[in-house]
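The structure appears right after this line, and notes come after that.
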Amino acid sequence: MTKKERFKKIFPILKEKFGEPKAALEFETPYQLMVAVILSAQCTDVRVNIVTKELFKVVKEPADIREMKQETLEKYIKSTGFYKNKAKNIKLNAEMMLDKYKDIIPKKLEELIELPGVGRKTANVVLGELWNIREGIVVDTHVKRLSNRIGFVKNDNPEIIERELMKFIPKKYWFIYSHYLILHGRNKCIARKPKCEICEIRNYCKYNEKI
DNA sequence: CTCCCGATAT
DNA sequence: ATATCAGGAG
């Protein structure tokens, strides 16, 4: 079976399982979503939501972050991990948002990743979530792991993986498919001990063949 | 490539 | 105890 054929087998199974998943991150303003995604690095959405529930009571726009002391911000976000880096980046991010972008989050990937704390993964999520702009495939640790296990790629570099996946996955499925892989990676194809024996897509997975 | 770093599952 | 988690910056 070619990669494209296997994709066409796997996709409906995951679609049946996950449907149209809505955003797991909670927010009111677009700026809040960007902050939430920055906080979600190496951290679960559940944890981010616990933190932002309090933080977003006082932070709606970049100006609110400018007025907040960095130490105060650190206390709010401490439990998300990497809190000093994140706090510093969010402060710098707010300054650039105010000075350069006049509070308007840029809609171009190249501009978005210029903002402190915003890399390729974060930018893709923000664009997709806020404006349905799906220019790329979100390749995080889950998409990386599952793509290699399934046998879609043999590579560790997120940008190369993204390009390889783009070759055989129709563009309209890019965003939703990465979302499916992430969900499947969290509850079944977990990093340490994948549950191949109860996996719905095992018949189309190279990793399962080896076991 | 290394550092950042707390929470959670195993 | 330890691996791992919806990454990004230097």
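Within 4.0 Å (heavy atoms only), A:Lys84 reaches sugar-phosphate atoms of the nucleic acid but no base atom. Contact annotation for A:Ile50: no contact, since no heavy-atom pair falls under 4.0 Å across all strands. Among the heavy atoms of the strands, none lies under 4.0 Å from A:Ser178. In this structure, A:Lys78 reaches the sugar-phosphate backbone alone: every heavy-atom distance under 4.0 Å involves primed, P, OP1 or OP2 atoms, never a base. Residue contacts for A:Tyr83: at a heavy-atom cut-off of 4.0 Å it reaches the sugar-phosphate backbone alone, with no base atom in range. No engagement by A:Val48 is indicated, since no non-hydrogen atom pair under 4.0 Å with the nucleic acid exists. Among the protein residues, A:Pro158 comes within range of no part of the nucleic acid, since none of its heavy atoms lies under 4.0 Å from any strand.
Under 4.0 Å is where a charged nitrogen must lie from a carboxylate oxygen, and between A:Glu28 and A:Lys60 at least one such pair does.
In this structure, the nucleotide among C:dG8, B:dC4, C:dT2 sitting nearest to the side chain of A:Arg192 is C:dT2. Ranking B:dG6, C:dT4, C:dG8 by closeness to the A:Ser79 side chain, first place goes to B:dG6. Among C:dC5, B:dC5, B:dT8, the nucleotide with an atom closest to any side-chain atom of A:Thr141 is C:dC5. Taking the side chain of A:Arg47 as heavy atoms from C-beta on, and the options C:dG7, B:dA7, C:dC5, the nearest nucleotide is B:dA7.
Between A:Val118 and A:Thr44, the residue whose closest nucleotide on DNA chain C is further toward the 5' end is A:Thr44. Positionally, the nearest nucleotide of DNA chain B for A:Phe82 lies more toward the 5' end than for the other of A:Phe82 and A:Lys195.
The CG-C1' distance, from A:Leu183 to C:dC5, rounds to 15 Å in whole Å. For the pair A:Ile190 CD1 and C:dT4 P, the computed distance is 11 Å after rounding to whole Å. Counting to the nearest Å, the C1' atom of C:dC5 and the CG atom of A:Asn85 are 16 Å from each other. Regarding A:Leu39, its CG atom lies at a distance of 15 Å from the C1' atom of C:dC5, rounded to whole Å. As a whole-Å value, the separation of A:Glu159 CD from C:dG7 C1' is 13 Å. Atom OH of A:Tyr76 and atom C1' of B:dC5 are 21 Å apart (whole Å). Distance, A:Asn89 CG to C:dG7 P: 15 Å, rounded to whole Å. One interatomic measurement links the two molecules: NZ of A:Lys193 to P of C:dT4, which rounds to 14 Å at whole-angstrom precision.
A close approach under 4.0 Å does not occur between any side-chain nitrogen or oxygen of A:Arg145 and OP1 or OP2 of C:dT4.
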Set out, in order, the CA-CA distance, both residues' side-chain angles and the distance that settles side-chain contact (heavy atoms from CB on, under 4.5 Å) for A:Gln32 and A:Thr52, then state yes or no. CA-CA 9 Å; A:Gln32 285 180 337; A:Thr52 55; over 6 Å; no
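Look at the P atom in both B:dC4 and C:dA1: the space between them is 23 Å, to the nearest Å.
Summarising the local packing, CD of A:Glu16 is surrounded by 12 or fewer heavy atoms from other residues, nucleotides or ligands at distances under 6.0 Å.
Between A:Arg6 and A:Phe168 the shortest side-chain heavy-atom distance does not fall below 4.5 Å.
Each of A:Asn132, A:Ile133, A:Thr122 was compared with A:Leu127 under the side-chain contact (heavy atoms from CB on, under 4.5 Å) criterion, and only A:Ile133 meets it.
A distance-only check finds a donor-acceptor pair linking the side chain of A:Asn93 to the backbone of A:Pro116 [under 3.5 Å].
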